[in-house]
Peer 1: 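Sending over a structure as structure tokens; questions will come in a sec.
Model, not experiment: these values are computed from the prediction. Chain letters run A, B, ... following the sequence lines, proteins first and then strands; every chain starts at 1.
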Protein chains: 2
Amino acid sequence: MFREVRTTDEKELFSVEDVAKKLGITARTLHYYEEVGLIVPSSRTAGGHRLYAQDVVEKLAYILRIKDSLGYSLQEIRNVLAAQETLDRLRESYQSGSETERQQIIDESIELMTTILQHIDEKLEKLSEMKTGLLERLDRVKKLRP
Amino acid sequence: MFREVRTTDEKELFSVEDVAKKLGITARTLHYYEEVGLIVPSSRTAGGHRLYAQDVVEKLAYILRIKDSLGYSLQEIRNVLAAQETLDRLRESYQSGSETERQQIIDESIELMTTILQHIDEKLEKLSEMKTGLLERLDRVKKLRP
DNA sequence: CAATACGTTGACGTAAGGATTAGATATTGC
DNA sequence: GCAATATCTAATCCTTACGTCAACGTATTG
């Protein structure tokens with residue numbers, strides 16, 4: 001029923017269908033994202049079937065949120081992910097290069113996040129406007145009823 | 001500077017570029033939407049250049065809002081527009097068919113608008129979640145600074 | 001009225017998957 | 001334990017929504 005693995009340390013692995021259903025996408029999307037280098041299955045079965053661990057599923061969910069909510073292209077998403085990974089590396093081994101380099105990474109991260117926040121706010125505003133407009137129209141239509 | 005027309009009744013007409021700039025799209029999008037039957041230029045110059053009146057520009061703006069904010073496909077947008085036009089026709093010549101037919105049109109409109117409202121709410125929620133998450137992360141990153 | 005800017009119709013290119021196929025792999029039911 | 005059934009694989013072609021030339025015609029401006 002669940003594909004657990006012999007690695008003894010409890011990692012649950014999910015099949016393509018498991019992941020697709022969980023995230024509301026199709027297997028094709030997983031294959032495609034792998035093709036363009038966005039995600040990689042954590043492992044494969046002896047027969048070659050893809051297996052995904054929890055962290056990859058979460059990364060995917062993150063990608064899908066950015067794509068669906070903000071409408072970013074996969075290329076833009078790649079850039080966002082790359083920036084975040086750079087930041088993560090900085091955070092973990094906190095002597096990765098010179099101080100100016102360090103500063104630059106942080107500054108770029110802040111800039112990127114600020115830009116994304118702006119996009120979110122724009123979307124939120126447009127959606128709110130659409131909502132009020134629609135609610136008004138819905139009201140008017142409902143008055144046509146007996 | 002502005003392409004006004006001889007029809008004497010004040011209708012301003014806009015060129016492809018005018019419209020594209022106003023709405024933040026490219027000429028290609030206008031051409032494409034025409035190709036697939038979503039919009040039609042209000043008229044053409046003697047030489048064949050497209051001219052758009054205000055109402056078409058507004059329709060286009062509406063289409064773009066649905067597309068960009070909600071992520072609807074052009075096909076879905078066509079359905080929405082068709083439903084609205086059906087309703088508009090009903091509203092104007094208010095004896096277009098039987099009473100049951102009338103009811104059906106109204107009910108379908110209400111249903112459609114309710115569905116769209118749901119999509120809007122879903123988007124709003126996802127965006128809000130993303131926003132809070134990002135704000136937290138931004139805060140943490142800012143603490144890495146001197 | 002020539003130079004420059006803008007528009008027209010093709011036609012092909014690209015991104016992000018969808019649909020289909022043929023064959024290998026997994027799961028289940030007995 | 002193995003056949004029937006369900007999934008997965010890679011490969012290929014299809015679709016949507018434009019981007020990007022190219023080759024040429026139209027409008028505007030100095």
Peer 1: Just wondering, more than 12 heavy atoms not from Glu111(B) lying within 6.0 Å of its CD?
Peer 2: no

Peer 1: Would you mind reading off the distance between Tyr32(B) atom OH and dC12(C) atom C1', rounded to a whole angstrom?
Peer 2: 15 Å

Peer 1: Rounded off to whole Å, could you give me the CD-to-P distance for the Gln75(A) and dG17(C) pair?
Peer 2: 14 Å

Peer 1: A side-chain contact here means heavy atoms from C-beta on lying under 4.5 Å apart; do Leu127(A) and Leu70(B) qualify?
Peer 2: yes

Peer 1: Could you state the OH-C1' distance from Tyr72(A) to dA15(C), rounded to the nearest angstrom?
Peer 2: 18 Å

Peer 1: Please state how far atom CD1 in Ile25(A) lies from atom C1' in dA19(C), giving the value in whole angstrom units.
Peer 2: 17 Å

Peer 1: Between Ile66(A) and Glu76(A), is any pair of side-chain heavy atoms under 4.5 Å apart?
Peer 2: no

Peer 1: Which comes earlier along DNA chain C counting from the 5' end, the contact point of Thr45(A) or that of Tyr33(A), where each point is its nearest nucleotide?
Peer 2: Tyr33(A)

Peer 1: When the distance from NZ of Lys67(B) to C1' of dA17(D) is rounded to whole Å, what number comes out?
Peer 2: 7 Å

Peer 1: With a 4.0 Å cutoff (strictly under), does any side-chain N or O of Thr26(B) reach OP1 or OP2 of dT20(D)?
Peer 2: no

Peer 1: Distance check needed: dA17(D) P versus Leu30(B) CG, whole Å only.
Peer 2: 15 Å

Peer 1: Who pairs with Thr132(A) by side-chain hydrogen bond (donor to acceptor under 3.5 Å, both in side chains), at least two apart in sequence or on another chain?
Peer 2: none

Peer 1: Can you confirm whether Pro41(A) sits close enough to Glu34(A) that some side-chain heavy atom of one is under 4.5 Å from a side-chain heavy atom of the other?
Peer 2: yes

Peer 1: Please tabulate the protein-to-nucleotide N/O contacts below 3.5 Å involving nucleotides 9-13 of chain D, giving atom names and distances.
Peer 2:
unit_1	atom_1	unit_2	atom_2	d
dT9(D)	OP1	Arg50(A)	N	2.5
dT9(D)	OP1	Arg50(A)	NH1	3.0
dT9(D)	OP2	His31(A)	NE2	3.0
dT9(D)	OP2	Arg50(A)	NH1	3.4
dT9(D)	O5'	Arg50(A)	NH1	3.4
dA10(D)	OP1	Arg44(A)	NH1	3.3
dA10(D)	OP2	Arg50(A)	NH1	2.9
dA10(D)	OP2	Arg50(A)	NH2	2.7

Peer 1: Calculate the interatomic distance between Lys21(B) atom NZ and dA5(C) atom C1'; express it in whole Å.
Peer 2: 10 Å

Peer 1: Measure from the side chain of Ser73(B), starting at C-beta and using heavy atoms only, and say which of dA17(D), dG19(D), dA16(C) lies closest.
Peer 2: dA17(D)

Peer 1: Take atom CZ of Arg78(B) and atom C1' of dT16(D), then tell me their distance rounded to the nearest Å.
Peer 2: 10 Å

Peer 1: Do any pairs count as a side-chain hydrogen bond (donor to acceptor under 3.5 Å, both in side chains) and have a residue in residues 55-68 of chain B, sequence neighbours left out, and if so which ones?
Peer 2: Gln54(B)-Glu58(B), Tyr62(B)-Gln84(B)

Peer 1: If you measure only the distance, is there a donor-acceptor pair under 3.5 Å linking the side chains of Glu122(A) and Gln118(A)?
Peer 2: no

